[in-house]
Amino acid sequence: MRKCAICGSIFDSSRLRKELAAIETQVSDPAVWADAARSQPLMRERKRIESLLESDADLERRTNDIEAYFDLAREGENVEPELQREIEGIESFVEKLETHTMLGGETDGLNAIVTVHPGAGGTESQDWAEMLLRMYLRWAERQGFKTEINEIQDGDEAGIKSATFTISGEYAFGLLSGETGVHRLVRISPFDSAKRRHTSFSSVFVSPEIDDSIVIDIKPDELRIDTYRSGGKGGQHVNTTDSAVRITHLPTGIVAACQNERSQHKNKEKAMKMLRSRLYEFELEKKRAISKKLEDSKLDIGFGSQIRSYVLQPYRMAKDLRTRVEVGDVDRVLDGYLEPFIRGYLRMRREGNIPTPIAADDDL
């Protein structure tokens, strides 16, 4: 095996180190820290460059290890198990690197605010919405990201009526941007005594958690602020004070709510942050609508509008209806294995073919 000679050209570590040094010079100026609009983009760029340099060093180490195992094999040693493990590891690592090279959008590097709503169908859809909530929380956990439930409404019998949560981590929004849309579940209903097959729908909307460097003009007289007492099953959902806050932006009808803090002030602050993020995404969506129909998030939560199907009966498969990516192990997908779908979406976006939902095949 020849040592990879193009890794340095892909990362261009010499140029990256010069850029990092220039950023370090800027952030050493106390005046920069007094201006959030300047300091926050600089800190994000510094973190991005440091991550690229770490990846460059990691890739070089891995290729050197594999080369060393080949040398040992040529000398007659049995290193096949170790070599296989290293090759599988570098394949996974390179897939992750490829994904990150496709995340160059203005907001791709930001945290993600995710909202899940069940479609029509009562308990069935509400249970499906809770399964989706768990799927994204599990995905975030596997990525090493932090999660915070901002607002959740429990279903009457099971599941949830809605949930909004924040996923904090590098490129969280960019990775999840393709998850916006309607998700369809086909299964034998656990709530049907006749054990019939049911189809349920839930919508997912993902927006970037914008920071102070992006200005969103919100006039106080355009807001309606309501306070209420939140309720739940206990644990992370427990909140027994009238501290929950719901903010409605009257011109657009966009609503943001937060209930996970006991302080009404903190809940209001977080709800305003979510509202700003949703208004930013709303404005971007209006611009996109000039050249195409509104994106997946505005589709009806029902047949013919879904972006992905998850079939548990009569066979088992998850399939993205925009990219045609399929995963046979649907249980693994529901446990947070979203990487094939994320890469498929980002590849199509990179090629300029923004995926749009299509009607599901009868046989998926």
Side-chain angles (χ1 to χ4, degrees), residues 10 48 55 91-116 132 135-136 139-140 142-143 145 167 169-185 201-208 280-301 303-311 317-330 332-334 336-364:
I10 293 174
R48 184 188 72 83
S55 296
E91 285 177 347
S92 176
F93 182 71
V94 168
E95 284 183 351
K96 185 176 181 180
L97 287 181
E98 181 197 18
T99 299
H100 281 189
T101 63
M102 296 184 283
L103 296 170
E106 180 184 4
T107 56
D108 280 350
L110 302 180
N111 299 333
I113 298 174
V114 186
T115 301
V116 180
L132 285 172
M135 181 181 77
Y136 289 115
W139 174 83
R142 291 170 181 271
Q143 303 300 310
F145 293 164
I167 297 180
E170 190 175 12
Y171 295 109
F173 173 70
L175 292 169
L176 289 178
S177 58
E179 294 301 302
T180 291
V182 178
H183 297 245
R184 167 183 177 247
L185 174 70
F201 299 91
S202 288
S203 69
V204 175
F205 181 71
V206 185
S207 60
Y280 177 78
E281 187 68 12
F282 177 77
E283 290 301 321
L284 289 181
E285 189 174 82
K286 284 201 301 185
K287 293 179 181 179
R288 298 187 192 111
I290 296 174
S291 58
K292 63 185 287 289
K293 292 181 179 180
L294 290 177
E295 292 197 357
D296 308 341
S297 57
K298 301 304 180 185
L299 295 169
D300 293 332
I301 308 179
F303 284 101
S305 62
Q306 62 269 12
I307 64 167
R308 190 176 303 145
S309 287
Y310 309 73
V311 177
M317 179 182 294
K319 179 176 180 179
D320 196 289
L321 304 173
R322 304 159 299 176
T323 63
R324 295 294 185 179
V325 172
E326 299 179 2
V327 177
D329 191 347
V330 66
R332 188 182 179 194
V333 172
L334 292 174
Y337 178 59
L338 301 177
E339 284 74 9
F341 302 113
I342 290 172
R343 285 197 300 271
Y345 179 86
L346 292 176
R347 286 194 187 105
M348 290 192 73
R349 190 180 73 170
R350 180 181 60 186
E351 295 165 1
N353 301 320
I354 302 299
T356 55
I358 59 176
D361 297 334
D362 290 339
D363 60 350
L364 192 61

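The structure presented is a predicted model; accordingly, all values stated were derived computationally and were not measured.
- Atom CG of L175 is separated from atom CD of E170 by 9.5 Å, given to the nearest 0.5 angstrom.
- For the residue pair L321 and Q306, the shortest heavy atom distance occurs at CD1-CG, 3.3 Å.
- Contact check for Y345 versus V325: no side-chain heavy atoms found under the 4.5 Å cut-off.
- Judged by distance alone, the side chain of R349 and the main-chain N or O of M102 form a donor-acceptor pair under 3.5 Å.
- Of all heavy-atom pairs spanning R142 and G336, the tightest one is CD-O, 4.0 Å.
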Please step through side-chain hydrogen bond (donor to acceptor under 3.5 Å, both in side chains) for the pair T99 and R343, ending with a clear verdict. CA-CA 6 Å; T99 299; R343 285 197 300 271; 4.7 Å; no
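- Of all the heavy atoms in V206 and L176, the pair that sits closest is CG2-O, 3.6 Å.
- With hydrogens and angles ignored, the 3.5 Å screen pairs a side-chain donor or acceptor of R322 with a backbone N or O of G178.
- Note: S203 OG to L132 CG = 9.5 Å, rounded to the nearest 0.5 Å.
- Rounded to the nearest 0.5 angstrom, I342 CD1 and D320 CG are separated by 11.0 Å.
- Applying ring pair (Phe, Tyr, Trp, His ring centres under 6.0 Å) to W139 and the options F341, F145, Y337 leaves one that passes, F145.
- The structure places CZ of R184 at 4.0 Å from OG of S309, a figure rounded to the nearest 0.5 Å.
- When all heavy atoms are compared, the tightest approach of G169 to N111 is N-OD1, 3.0 Å.
- Side-chain contact between V114 and V204 is present, with at least one heavy-atom pair separated by less than 4.5 Å.
- If you check the side chains of H100 and Y171, you find no donor sitting under 3.5 Å from an acceptor.
- Between atom CG of residue L334 and atom CZ of residue R332 there is a gap of 12.5 Å, rounded to the nearest 0.5 Å.
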Give the intermediate values and the outcome of side-chain contact (heavy atoms from CB on, under 4.5 Å) for residues S55 and F93. CA-CA 9 Å; S55 296; F93 182 71; 4.2 Å; yes
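- Across G174 and L346, no two heavy atoms sit closer than the pair O-CD2, 3.9 Å.
- Contact check for S207 versus Y280: no side-chain heavy atoms found under the 4.5 Å cut-off.
- Side-chain contact check for L338 versus M135: some heavy-atom pair is nearer than 4.5 Å.
- Between atom CD of residue E339 and atom CD of residue Q143 there is a gap of 5.0 Å, rounded to the nearest 0.5 Å.
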